[in-house]
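Just below is one structure, and these are the notes that go with it.
Every number for a ligand or one of its atoms is a count from 1 in the order of the listing. Position 1 is the first residue of the sequence, and the numbers go up from there.
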Amino acid sequence: MANPGRDVLVGIDAGTSVIKAVAFDLAGRQIAVASVPNHYTTKADGAAFQSLDQTWIDCAQTLRDLGAKVEDLAKRTAAVAVTGQGDGTWLVGAKNRPVSDAWLWLDARAADTVLRLQGSPANRARFEATGTGLAACNQGAQIAHMAATTPELLDRAEVALHCKDWLYLKLTGVRATDPSEASFTYGNFRTRRYDDVAIEALGLTARRGLLPEIVDGTKVTHSLSPEAAAATGLLAGTPVCLGFVDIVVTALGAGIHTAGAVGAACSIVGSTGMHMRAVQNADVHLNGEGTGYVIALPIPGMSAQVQSNMAATLNIDWVLNLACDLLSEFGTKLSPSDRVKRIDEWLQLGRPCAHLYHPYISDAGERGPFVDTNARASFIGLTSESRYPDLLRAVIEGLGMAMRDCYAAMGGAMPAELRLTGGATRSRASRGVLGAVVGAPVRISMREEAGAAGAAMMAAVALGAYPDMQACIAEWVTPLLGQVETPDPELMQIYAQAFPGYQQARRALAPVWEEMARQTNAGRYPEVLPSITRVERRAVQ
Ligand SMILES: Nc1ncnc2c1ncn2[C@@H]1O[C@H](COP(=O)(O)OP(=O)(O)O)[C@@H](O)[C@H]1O
Ligand SMILES: O=P(O)(O)OC[C@H](O)[C@H](O)CO
């Protein structure tokens, strides 16, 4: 290590719901966490945006709060590593000032542009290079949409960043992105560089100047600037590591790749669902439909083969909110933690496979294993006997069905072991359902903050605390993997029999969603009932 006496690594994970800063010792033991809620706004036109300045203020706050929890944090910090929510567009202009609010991965405004680009003959070549299907959440699609609709925004921009890149810029003054976002958006996962074919297929050759330098955080760090030191309470000159996108560093921390584990896969069941396995680049399977992501891992020559459900726990929140809205009409208020506590009870009361639920609750539709902005959630099989616990159970089963749909589309065998992380995997009952639907034994990690840990692991490798990532995994990840939880064979059979119906129904519903979207666009149906306002997490515009 370059600096003896510096015995703490700080990982920042700037997520969609929460921004966290976590302190670890050099062997990966968690010391303390500080967090603040993230703020973003959604609008009826599909917009989902957040303020760049506020994101930096929130991030700096978590670092100061962490400093209040860890004695002598500033002097002891060997490095800071930053990861964050992926996709989206964070435009920065002159003097490193934001050009506008950031478009998030949840933003659906680029849907028409995605359809146009998908229809172009160049799209397959783009997919073969990036390994990534185009969806409205991708920065490439969003910038192509801006180029067609609001080119003045791009004219004012000097660089197009992602969330973690913006925080890296605020921490170090360096405009950069990492190999994972660069290659799945505009590049080639094999070379981890930008690719002319991919950029041209998006129609963005003329805007190429917006793409920043690619920095591999396992090899290169930059120093914390004096301004950032003043804002965060850390010392100027502290090395800062630009982490890969949160999806793969979370998977790294949660055990996507450990020595000798054959057939292991990793699912993050958070706001969004990310289902993936670590493969050698030569073994990546590029499907005929051109969907999914291939995201470089911070391990040489390896990528995560990913299929993603746009919404995972957002569906659980929706069904819980439904109950809470009704209860509050009758004067009963349930706090968010009260609601979550009832999940297990309702899950036990609900009848297995009483209904089918398609968890496409996001306004942006679905992105894996099929891309359809018009896709919408639905229950199938309601009867007069259907009760609330049945619905709650169907929602969690639906997350499992969507997960199985994703793994089935990846090519090769279904997972031999499913390593789970994210809010919905906290309880054994929910894990039991998810494992039984996918038909795989489940394992969770004792690691509480997998995303921040994965970023900190990159800093540990960059500083030379480990000879390579494999050695770091052996100390930070493998020992924390919990017992194997075997799913109930009877449940597995019930779900295996129901799964073809789940797929058949979602295929059959596609023209219905299309027609509904047409009607909505024609103004026939109001987007939201006038009495119900959308969740405005914070008014930033
Ligand atoms: N026991 C559970 N079973 C199923 N879903 C859960 C459970 N606990 C939490 N969740 C879901 O996970 C979401 C996020 O949970 P939480 O862990 O509090 O947040 P985060 O993942 O952002 O840290 C909750 O809003 C809920 O939808
Ligand atoms: O912020 P979270 O939900 O942890 O991660 C979001 C992903 O990076 C996003 O779904 C990428 O499109």
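Contacts between Ser430 and ligand 1 below 4.0 angstrom, taking non-hydrogen atoms only, involve the side chain exclusively. Both the backbone and the side chain of Thr313 come within 4.0 Å of ligand 1, counting heavy atoms alone. Contact annotation for Leu347 and ligand 1: no heavy atom of the residue comes within less than 4.0 Å of the ligand.
Heavy-atom contacts of Asp344 reach the following atoms of ligand 1: 1 (N) (cutoff under 4.0 Å). Within ligand 1, counting atoms from 1 as listed, the ones closer than 4.0 Å to a heavy atom of Arg426 are 16 (P), 17 (O), 18 (O), 23 (O).
Within 4.0 Å of ligand 2, the residues that place a heavy atom are Gly15, Thr16, Gln85, Gly86, Asp87, Trp105, Asp246, Ile247, Thr272, Met274, Tyr293, Arg367, listed by chain and number.
The backbone N or O of Ser328 sits nowhere less than 3.5 Å from a side-chain atom of Thr332 that would complete a donor-acceptor pair. Within the 3.5 Å criterion, the main-chain N or O of Gly451 finds no donor-acceptor partner in the side chain of Thr83. Under a 3.5 Å cut-off, the side chain of Glu366 and the backbone N or O of Asn374 do not form any donor-acceptor pair.
Here Glu213 does not pair with Arg175 in a salt bridge; the nearest charged N to carboxylate O distance is not below 4.0 Å. Under the 4.0 Å criterion applied to side-chain N and carboxylate O atoms, Asp390 and Arg351 are assigned as salt-bridge partners.
Within 4.0 Å of atom 20 (P) of ligand 1, not a single protein heavy atom is present.
Note that Arg109 lies in the cation-pi zone of Trp103, set by a 6.0 Å cut-off to the ring centre and a 45° limit from the axis.
Classified by interplanar angle (parallel below 30°, tilted 30° to 60°, perpendicular above 60°), the ring pair Tyr360/His358 is tilted. By the 30° and 60° cut-offs, the orientation of the rings of Phe379 relative to Tyr357 is tilted.
In terms of protein heavy-atom proximity, atom 1 (N) of ligand 1 is nearest to Ser427 CB, 3.2 Å. For atom 8 (N) of ligand 1, the closest non-hydrogen atom on the protein side is Val340 CG1, 3.2 Å. Summary of contacts: the protein heavy atom closest to atom 25 (O) of ligand 1 is Asp317 OD1, 2.6 Å.
Among Ser271, Gly270, Gly451, Ser17, the residue whose heavy atom lies closest to atom 22 (O) of ligand 1 is Ser17. Between Ala312, Ser35, Gly423, Pro336, it is Gly423 that holds the heavy atom closest to atom 15 (O) of ligand 1.
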Could you walk me through whether Arg419 and Glu417 pass the salt bridge (charged side-chain N to carboxylate O under 4.0 Å, His left out) test, one step at a time?
CA-CA 6 Å; Arg419 295 178 175 177; Glu417 180 177 298; 2.8 Å; yes
Could you go step by step and tell me if Tyr293 and Arg367 meet the side chain to side chain donor-acceptor pair (under 3.5 Å) rule?
CA-CA 10 Å; Tyr293 290 76; Arg367 61 182 170 182; 3.0 Å; yes
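In this model, no donor atom of one side chain and acceptor atom of the other lie less than 3.5 Å apart for Thr62 and Asp65.
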